[in-house]
Engineer: 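Encoded as structure tokens, here's the structure I'll be asking about.
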Protein chains: 2
Amino acid sequence: MDAYRSGENKVITIYDIAKEAGVSASTVSRVLTNNAHVRNEKKQRVLELIEKYDFKPNAMARGLSDTRSKVIGIITADIRNPFYADVFVACEVAAQKAGYTVMLCNALGERMQEEKLLEKLQEQRVDVVIQMGGRVDDLVSDASYVEKVNKLMNNIPMVVTGKLDGTQCYQVRIDAMKCIDLLMEHLIELGHREIALIGGRMNVLSTFEKFQRYKQNLSRYKIAFKEALTVEDGGYDYETGYARMNKMLDQGIRPTAVIAINDFAAVGIVRSIQEHGLGIPQDISVVSYDNTYVSELVSPKLTTIDYNYESFGEQLIETAIASIEGGENPKLQLIPPTLIVRGSSGKVPEIIG
Amino acid sequence: MDAYRSGENKVITIYDIAKEAGVSASTVSRVLTNNAHVRNEKKQRVLELIEKYDFKPNAMARGLSDTRSKVIGIITADIRNPFYADVFVACEVAAQKAGYTVMLCNALGERMQEEKLLEKLQEQRVDVVIQMGGRVDDLVSDASYVEKVNKLMNNIPMVVTGKLDGTQCYQVRIDAMKCIDLLMEHLIELGHREIALIGGRMNVLSTFEKFQRYKQNLSRYKIAFKEALTVEDGGYDYETGYARMNKMLDQGIRPTAVIAINDFAAVGIVRSIQEHGLGIPQDISVVSYDNTYVSELVSPKLTTIDYNYESFGEQLIETAIASIEGGENPKLQLIPPTLIVRGSSGKVPEIIG
DNA sequence: GTGAAAGCGCTAACAC
DNA sequence: GTGTTAGCGCTTTCAC
């Protein structure tokens with residue numbers, strides 16, 4: 001018994017349908033695509049047979065003949081990260097509405113993988129690729145990746161959630177500066193002036209932007225910048241938040257509020273603060289970015305930044321489709337964030353130890 | 001300016017390569033597939049041109065001609081759930097090793113979606129589909145879905161992480177009974193006899209199995225079954241854990257250990273216990289299933305069940321590929337779980353209130 | 001409105 | 001070894 005016995009049940013083609021319906025294949029194709037008028041009587045006969053045989057047109061054949069696969073390739077840095085999972089799902093929904101299929105490729109957090117995935121998507125002849133995270137987050141774009149993308153873009157347009165200097169990629173990106181503005185305004189309104197920044201790497205565009213804007217905001221509010229309140233380099237995970245906060249508190253540095261680079265880091269920070277016998281938000285407020293479900297899993301729940309994932313996904317897909325179908329779109333679009341206030345942030349403590 | 005201007009940069013085909021290399025298209029094809037010997041000199045010339053033009057063979061054309069797309073379709077109940085994300089990633093890695101591409105379709109937690117996704121994958125002519133969660137978790141398989149799958153399986157084999165009665169699907173599923181055995185043995189060794197079960201729905205196969213086995217184990221250890229310690233029906237989320245545990249404690253029911261249906265429910269349970277002024281594990285031990293990163297996010301970290309996602313994914317993919325290529329595989333394979341002991345479980349308290 | 005025929009880019013069977 | 005040829009299943013002119 002070799003292979004899957006497809007012989008048993010021959011897969012139906014439009015020719016089979018055509019033959020049995022007593023029409024030509026073109027006619028069947030016409031009812032399939034709805035691109036031309038077919039006499040109603042024939043149309044019905046064809047439709048019935050399609051139903052009868054549970055016929056599904058071969059997407060590959062279709063893609064081959066009209067050179068449009070109707071699939072959107074999506075590269076994520078790591079789908080296990082709920083941020084990407086949320087955006088991806090939003091994209092999938094939006095794509096489906098528009099009659100497109102998405103194909104997810106996951107870089108597993110390894111930047112080396114990204115080039116390979118690009119090739120894979122190219123082989124699949126996706127109509128457009130969307131890249132979320134990874135190399136497109138770089139403050140300084142990797143030259144060899146840029147070259148790769150430029151080659152790809154001879155045939156396939158690309159939209160990214162960050163940037164890629166030296167390419168013509170469409171950018172649909174979260175307004176990082178606005179994010180930190182919201183967080184800082186919120187904290188300053190609550191009376192905080194000792195605001196720490198924890199997590200993230202400065203070679204990541206959004207992190208860099210947040211850091212710059214943080215300093216600008218401080219001076220706008222006439223607050224002195226303190227090196228000790230910002231941790232130069234870290235990751236985006238629980239461990240980073242936990243370790244950095246521990247270090248800060250152990251050194252006797254005592255911010256009244258902490259901005260975590262994302263929800264994961266925030267959880268680590270929360271843990272560290274609580275283990276030091278301090279209360280949130282009575283002693284220290286903690287806020288973060290992303291509004292993933294993680295932000296509702298900790299106690300207290302996190303004040304965080306939301307992006308409206310649904311419309312983020314829609315905009316990504318809309319831009320992607322416009323780029324294939326010739327619509328006009330600005331090269332750069334910014335997603336407006338909103339503040340979600342929960343229990344982790346509160347008024348600055350009256351007396352500071 | 002209409003559509004993406006692919007005209008600017010004609011996409012290269014094997015004919016272009018063949019022409020410039022002064023060979024036939026078949027020769028180019030041969031070096032591409034490595035299926036036959038080509039004189040080294042020609043081979044080199046072709047390879048150079050492929051490099052020069054960054055040529056990538058069209059996967060659709062390839063799939064059309066050999067009627068094997070080399071893509072594995074994967075349906076998940078919800079990729080935002082880290083359990084599925086972990087399994088999916090493991091599958092992707094395994095598939096890539098085997099020269100296959102995966103295509104993820106997400107049912108968004110809506111069972112109605114699953115049939116549509118099946119159709120979509122059928123159109124894409126995936127070689128095999130793997131379904132994780134959703135309808136294949138049902139204790140009693142949905143008849144109309146079974147019918148759909150049986151039609152599909154005339155042409156495309158299918159492997160599921162649960163079961164689908166009345167179909168010939170391959171099953172690669174977690175050994176649910178062994179899971180609860182591990183958990184209960186662990187707890188009983190620690191001296192627990194008042195063990196609660198929280199979360200999950202009885203119409204879900206794995207949950208049902210766990211419940212049955214729970215009762216069997218109790219009687220094996222000569223522990224009386226108490227209705228009050230098991231909550232008939234719930235979900236798989238934080239809220240379920242939180243609400244059910246609250247209810248139990250508020251009613252004065254005081255287990256010394258709780259088995260949560262998954263890490264999310266466990267977090268809710270932990271929260272509830274802590275809010276009741278009780279300690280974990282001093283007063284109550286909490287254990288759960290899945291070993292997602294959530295289990296390391298709570299404090300104390302959770303004792304939980306792990307499945308070795310990597311090998312789970314490999315087995316899924318291996319079975320999938322065997323089913324297309326004609327390998328022999330048992331219809332049902334069980335994934336052995338392992339126990340991960342962390343801080344949330346400890347010895348039963350000496351004196352029980 | 002509808003059929004015939006060409007072609008999308010590749011693989012594989014067949015000759016030489 | 002290598003070129004020629006015939007499809008794979010669909011869409012799309014082009015006639016009629």
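Every chain is numbered from 1 and lettered A, B, ... according to where its sequence line falls, protein lines coming before strand lines.
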Engineer: I need a per-nucleotide contact map over nucleotides 8-16 of chain D, read 5' to 3'. Cutoff is protein heavy atoms under 4.0 Å; write B for the base, S for backbone only, - otherwise.
Structural biologist: BBBBBB---
Engineer: How long is the straight-line distance from OG of A/S24 back to OH of A/Y15, given to the nearest 0.5 Å?
Structural biologist: 9.0 Å
Engineer: Against A/M158, only a single residue in A/V149, A/L121, A/T167, A/N150 fulfils side-chain contact (heavy atoms from CB on, under 4.5 Å); can you say which?
Structural biologist: A/V149
Engineer: Distance check: side-chain N/O of B/T27 vs OP1/OP2 of D/dG1, anything under 4.0 Å?
Structural biologist: no
Engineer: Could you state the atom-to-atom distance from NZ of A/K19 to P of C/dT2 in whole Å?
Structural biologist: 21 Å
Engineer: Between P on C/dC10 and CD on A/Q124, what's the gap in Å once rounded to a whole number?
Structural biologist: 13 Å
Engineer: Nearest whole angstrom, please: distance from the P of C/dG9 to the CZ of B/R68.
Structural biologist: 24 Å
Engineer: For B/K151 and A/D54, indicate whether the former's side chain and the latter's backbone hold a donor-acceptor pair under 3.5 Å.
Structural biologist: no
Engineer: Is the distance from OP1 or OP2 of D/dG1 to the nearest side-chain N or O of B/K42 less than 4.0 Å?
Structural biologist: no
Engineer: Just how far, in rounded Å, is C1' of C/dT2 from NZ of A/K43?
Structural biologist: 15 Å
Engineer: Just checking, any donor-acceptor pair under 3.5 angstrom between side chains of A/Q171 and A/Q333?
Structural biologist: no
Engineer: Between A/D16 and A/K10, is there a salt bridge with N-O shorter than 4.0 Å?
Structural biologist: yes
Engineer: Judged by atom type as modelled, is there a donor-acceptor pair below 3.5 Å linking the side chain of B/D127 to the main-chain atoms of B/R68?
Structural biologist: no
